[in-house]
Amino acid sequence: QGQLVESGGGSVQAGGSLRLSCAASEYAYNTYYMGWFRQAPDSQAPGKEREGVAFIDSHGSTTYADSVKGRFTISKDIAKNSLYLQMNSLKPEDTAMYYCAADDRWWLLQRGGADYWGQGTQVTVSS
């Protein structure tokens with residue numbers, strides 16, 4: 001019911017752009033709140049756990065982490081049952097595995113406890 005498949009990751013230089021896509025089942029897309037998380041390579045260090053990057057609710061309202069405000073944009077395409085993350089002005093510290101997540105509980109999604117997760121797509125930003 002909640003199948004999510006990410007794509008669009010890659011390697012870019014600092015200042016570049018990437019757009020991540022998350023294809024969702026129709027059920028998930030119409031039922032759940034959705035968001036993007038990332039986990040950096042050094043995520044085993046304290047304070048470096050999986051980070052919530054951007055979220056979108058059923059009305060299209062969006063929320064962003066302070067670290068990406070003004071650079072990243074989350075959006076949905078109803079016709080394609082897809083979620084997107086447009087990432088501009090990328091920085092080396094944006095390097096991470098990016099995950100799409102969905103849950104019908106807004107508070108749980110934002111806390112990183114969503115029921116449904118994609119497999120992740122790697123983003124690498126070089127300086």
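The structure displayed is predicted, hence computed values, not measured ones. Just so you know, these numbers use all the heavy atoms, side chains as well, and skip hydrogens, waters and symmetry mates.
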Return a table of donor-acceptor pairs under 3.5 angstrom between the side chains of residues 7-16 and protein atoms on other chains or two or more places apart.
none

Notebook entry, point to check: Any idea which heavy atoms bring Met87 and Leu20 closest together, and the distance?
Noted result: CE-CG, 3.7 Å
Next item on the list: If a pair satisfies disulfide (SG to SG under 2.5 Å) and one of its residues is in residues 92-127, list it, with sequence neighbours excluded.
Entry: Cys22-Cys100
Notebook entry, point to check: Is the shortest heavy-atom distance from the side chain of Leu109 to the side chain of Tyr32 under 4.5 Å?
Noted result: no
Checklist line | Least distance between heavy atoms, Leu85 atom then Ala54 atom | finding: CD1-CB, 4.1 Å
Next item on the list: Compare every heavy atom of Ala101 with every heavy atom of Ala114, then report the nearest pair and how far apart it is.
Entry: CB-CB, 4.0 Å
Margin query: According to salt bridge (charged side-chain N to carboxylate O under 4.0 Å, His left out), does anything in residues 58-67 pair up with another residue at least two apart or in another chain? List the pairs.
Written below: Asp66-Lys69
Next item on the list: Please identify each residue that fulfils salt bridge (charged side-chain N to carboxylate O under 4.0 Å, His left out) with Glu51, with sequence neighbours left out.
Entry: Arg38
Check: So, does Gln119 use its side chain to make a donor-acceptor pair with the main chain of Glu6 at under 3.5 Å?
Finding: yes
Check: Could you give all pairs that pass the salt bridge (charged side-chain N to carboxylate O under 4.0 Å, His left out) test and reach residues 52-63, with sequence neighbours left out?
Finding: none
Note to self: Let me confirm one number: the CZ-CD distance from Arg50 to Gln39, rounded to the nearest 0.5 Å.
What the structure shows: 5.0 Å
Margin query: Thr95: which residues meet the side-chain contact (heavy atoms from CB on, under 4.5 Å) condition with it, sequence neighbours left out?
Written below: Pro41, Gln122, Thr124, Val125
Margin query: Show every ring-ring contact (aromatic ring centres under 6.0 Å, His included) that has at least one partner inside residues 82-113, sequence neighbours left out.
Written below: Tyr33-Trp106
Next item on the list: Mind checking salt bridge (charged side-chain N to carboxylate O under 4.0 Å, His left out) for Asp115 and listing every partner two or more places apart, or none if nothing turns up?
Entry: Arg105
Next item on the list: For Asn88 and Ser17, work out which heavy atoms get closest and say how close.
Entry: OD1-OG, 2.9 Å
Notebook entry, point to check: Taking only residues two or more places apart in sequence, or in another chain, which ones meet Ala24 in a side-chain contact (heavy atoms from CB on, under 4.5 Å)?
Noted result: Leu4, Ala28, Tyr29, Met34
Next item on the list: May I have all residue pairs that pass side chain to side chain donor-acceptor pair (under 3.5 Å) and include part of residues 70-82, sequence neighbours excluded?
Entry: Arg71-Asp94
Item checked: Selection residues 64-94 - residue pairs positive for disulfide (SG to SG under 2.5 Å), sequence neighbours left out -> none
Margin query: Applying ring-ring contact (aromatic ring centres under 6.0 Å, His included), can you list everything that pairs with Phe37, at least two apart in sequence or on another chain?
Written below: Phe55, Trp117
Margin query: If I take atom CG from residue Asp103 and atom CG from residue Leu108, how far apart are they, to the nearest 0.5 angstrom?
Written below: 5.0 Å
Next item on the list: Of all the heavy-atom pairs spanning Pro92 and Ser127, show the shortest one and how long it is.
Entry: CG-CB, 3.9 Å
